[in-house]
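Quick caveat: nothing in here was measured; it's all calculated off a predicted structure. Letters go in sequence order (proteins before strands), and every chain restarts at 1.
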Protein chains: 2
Amino acid sequence: MLQDIIENNKKYQPGLSIDCVIFGFHDNQLKVLLIKVKHSKKWSLPGGFIPVDQDIDTAAATILNHRTGVEGIFLRQFATFGKTKRNENHFDKETLEKLNIPEEKGTWFNQRFVTIGYYALVDFLQIVPDSANTHDIVEWIDHKEVPELILDHKEILEKALDCLRTELNLMPVGYTLLPEKFTIPELQKLYETILDKKLDRRNFLRKITNIGILKKLDEKKNNVAHKAPNLYSFDKDKYEEVLKNGLNQGW
Amino acid sequence: MLQDIIENNKKYQPGLSIDCVIFGFHDNQLKVLLIKVKHSKKWSLPGGFIPVDQDIDTAAATILNHRTGVEGIFLRQFATFGKTKRNENHFDKETLEKLNIPEEKGTWFNQRFVTIGYYALVDFLQIVPDSANTHDIVEWIDHKEVPELILDHKEILEKALDCLRTELNLMPVGYTLLPEKFTIPELQKLYETILDKKLDRRNFLRKITNIGILKKLDEKKNNVAHKAPNLYSFDKDKYEEVLKNGLNQGW
DNA sequence: TTAATATGTGTTATTCTGACGCAATGTAAT
DNA sequence: ATTACATTGCGTCAGAATAACACATATTAA
């Protein structure tokens, strides 16, 4: 990819990039898929550039697919970042040398990049970080333990989480984050983790079932400590309908 | 501006622009500030390009200020648009000739442009469309009577309105759209116009006053038909507080 | 067998919402 | 002047939604 860009500047939209905040849920933790590029000490959000002949939404889906292997996943553009100094000194002389980028080609990287942020909600278990494939280290990291990131990626991540929290009040969330069959307590943990606050079990159950997007299965989760909780799945039709119409009208 | 870009490509971020949806409220109508460029039959959203040494938010504020003369106004980035063909054929050979742009310079305009959408809420009465100043025709147009627009500007406008409607449920709106003193019925009309639906007078009053952002003034509106309504103003401190914390928690 | 933990279901008081009644104020028509 | 009409201000009431909490059940660990 990098090599392609160095050799074929013209194929990519100049000064513009995409960064993806890929959320997963596992072990009651909200995880973020981060990568560490060769020669870099800091982690970063998976991102990429935009072919001039590709819609930006398509480019984002491509990047997501490239990193996770999944397709057709929930992906949402949430904000665009363009502070003048956001990528200043990122590709300095030393870095360019390390990466074997000739200096005259390096100017392409040294312009100010505006980056479009997308966040994705994926099923943790379906994604196996495949470091070998991309020559980068790819890892799921608990969002509470995200280390220092390059550039303004921490700010981008925070903003994504912020948007996700807001969206939680406007639409149902979980379909793409949980496995097909799940329990109400699991769903509640997801909500609690995203919102970073405790919710009342009984009130949560009532509210979430009232939305009408859940199907109670005639099946209990097994191999669990304590009382076996019932399994549920999403009623996809109803789910899509609510996604379209929103949850609370407000006015 | 156009001349500056033609001569100094390098000063501007290539392939990237900003478009502003400027909302105002007057005569019980939600108005949008539109412009018509010389040589164009279609109207368009006021927009501009991004100096490489300017934050995108700053660039948006500059564009807004350039068109309206106002500063420090509510301005929010809401989405970024980047379909491949969105500005295809916009600066075709004929147009370039009309605008006196040499063909080799015209290539700058013919790349795919990604545009960042901002919407602004301004006090209608404070803005006098000044066509003379910009050589373009600038006009307030009722959002229900917006004619055909260039490129995907209609889509951008729709999306802005959509976001505004959603935001209405998350935060108070009106501070920058109404004059300092206003009546509850006026505020209600604003809400009804944005949402495009009727609200119950009495329930609206209860709900809006419960938010705690209004100050009832010891003054009535005069020169009105029928019973004179009371005047209110926003309690700016409380307003800002609610803006920060949001309206409905939901969960 | 008992303690501890987590799930499933129900209750109650309070608040919020939607739908509507009615008196007060001011304009316009007769 | 009197009446009809439109608009505002304030209030009521039933039903829905919400927050806080009680109790029974299932399962494991001591």
Side-chain angles (χ1 to χ4, degrees), chain A residues 27-29 168-172 174 178-179 181-193 195-233 242 245-251, chain B residues 27-28 168-172 174 178 181-193 195-233 242 245-251:
Chain A
D27 271 347
N28 291 340
Q29 290 176 342
L168 214 57
N169 293 324
L170 303 173
M171 62 181 205
L178 295 172
K181 296 174 181 181
F182 54 91
T183 69
I184 298 289
E186 278 165 4
L187 184 56
Q188 183 180 338
K189 289 275 165 46
L190 171 61
Y191 271 66
E192 288 181 340
T193 308
L195 295 169
D196 196 25
K197 77 174 175 194
K198 285 267 161 226
L199 301 172
D200 183 277
R201 271 184 324 117
R202 299 148 282 192
N203 295 335
F204 180 80
L205 172 67
R206 181 159 29 88
K207 224 175 149 178
I208 205 83
T209 49
N210 273 346
I211 299 174
I213 52 171
L214 295 177
K215 273 191 301 196
K216 187 173 184 173
L217 303 177
D218 196 19
E219 196 176 347
K220 287 182 191 301
K221 186 159 179 131
N222 47 19
N223 297 323
V224 289
H226 313 298
K227 180 171 181 176
N230 216 303
L231 283 170
Y232 286 77
S233 71
V242 177
N245 300 331
L247 275 178
N248 309 318
Q249 356 273 46
W251 292 97
Chain B
D27 271 346
N28 292 340
L168 214 56
N169 293 324
L170 302 173
M171 62 182 205
L178 294 173
K181 297 175 181 182
F182 54 91
T183 69
I184 298 287
E186 277 165 4
L187 184 56
Q188 181 179 340
K189 290 275 164 49
L190 171 62
Y191 271 66
E192 288 181 340
T193 308
L195 296 169
D196 196 26
K197 76 175 175 195
K198 285 268 163 227
L199 302 174
D200 183 277
R201 273 186 321 117
R202 297 149 281 190
N203 294 336
F204 180 80
L205 173 66
R206 190 184 32 195
K207 228 175 146 177
I208 204 84
T209 49
N210 273 347
I211 298 173
I213 52 171
L214 294 178
K215 273 191 302 195
K216 187 173 186 174
L217 303 177
D218 195 18
E219 197 176 346
K220 287 182 191 301
K221 186 156 178 134
N222 46 20
N223 297 323
V224 288
H226 311 300
K227 180 171 179 177
N230 216 303
L231 283 169
Y232 285 77
S233 71
V242 177
N245 300 331
L247 275 179
N248 309 319
Q249 357 272 45
W251 290 98

*Would you indicate what Lys216(A) reaches in the nucleic acid, counting non-hydrogen atoms under 4.0 angstrom: base, sugar-phosphate, or nothing?*
sugar-phosphate
*asked:* For Trp251(A), does the six-membered ring have the charged nitrogen or CZ of Lys207(B) within the cation-pi criterion, i.e. under 6.0 angstrom from the centroid and within 45° of the normal?
replied: yes
*Position toward the 5' end of DNA chain D (nearest nucleotide), Ala225(B) or Lys220(A)*: Ala225(B)
*asked:* Pick the closest DNA chain D nucleotide for Ala228(A) and for Pro229(B) by heavy atoms, then say which residue is nearer the 5' end.
replied: Pro229(B)
For [X] and [N], what is the distance between atoms [atom1] and [atom2] respectively, to the nearest whole Å?
X: Asn203(A); N: dT11(C); atom1: CG; atom2: P; answer: 15 Å
X: Asp200(A); N: dA13(C); atom1: CG; atom2: C1'; answer: 15 Å
X: Ile184(A); N: dT9(C); atom1: CD1; atom2: C1'; answer: 13 Å
X: Asn230(B); N: dG26(C); atom1: CG; atom2: P; answer: 12 Å
X: Arg202(B); N: dG18(C); atom1: CZ; atom2: P; answer: 13 Å
X: Lys227(B); N: dC22(C); atom1: NZ; atom2: C1'; answer: 12 Å
X: Lys221(A); N: dG8(C); atom1: NZ; atom2: C1'; answer: 17 Å
X: His226(A); N: dA6(C); atom1: NE2; atom2: C1'; answer: 6 Å

Looking only at heavy atoms, which two atoms of [X] and [Y] are closest? And how far apart?
X: Pro229(A); Y: Thr183(A); result: CG-CG2, 3.7 Å
X: Asn230(A); Y: Leu217(A); result: OD1-O, 2.8 Å
X: Asp200(B); Y: Asn203(B); result: OD1-N, 3.0 Å

*Counting only non-hydrogen atoms, which of residues 204-213 of chain A are less than 4.0 Å from DNA chain D?*
Arg206(A), Lys207(A)
_Span of DNA chain D, from the first to the last nucleotide whose atoms fall under 4.0 Å of chain A heavy atoms_ = dT18(D) to dT28(D)
_Residue that, paired with Lys189(A), satisfies side-chain contact (heavy atoms from CB on, under 4.5 Å) out of Asp27(A), Leu199(A), Asn28(A)_ = Asn28(A)
_Estimated bend of the helix from dT1(C)-dA30(D) to dT30(C)-dA1(D) (axis per five terminal pairs, rounded to 10 degrees)_ = 0°
_Presence of donor-acceptor pair under 3.5 Å, side chain of Arg201(A) and base of dG8(C)_ = yes
*Min side-chain heavy-atom separation Gln188(A)-Glu192(A) under 4.5 Å*: yes
*Are Tyr191(A) and Phe204(A) close enough that their ring centers fall under 6.0 Å?*
yes
*Rounded to the nearest 0.5 Å, how far apart are CG of Leu247(B) and CG of Asn169(B)?*
8.0 Å
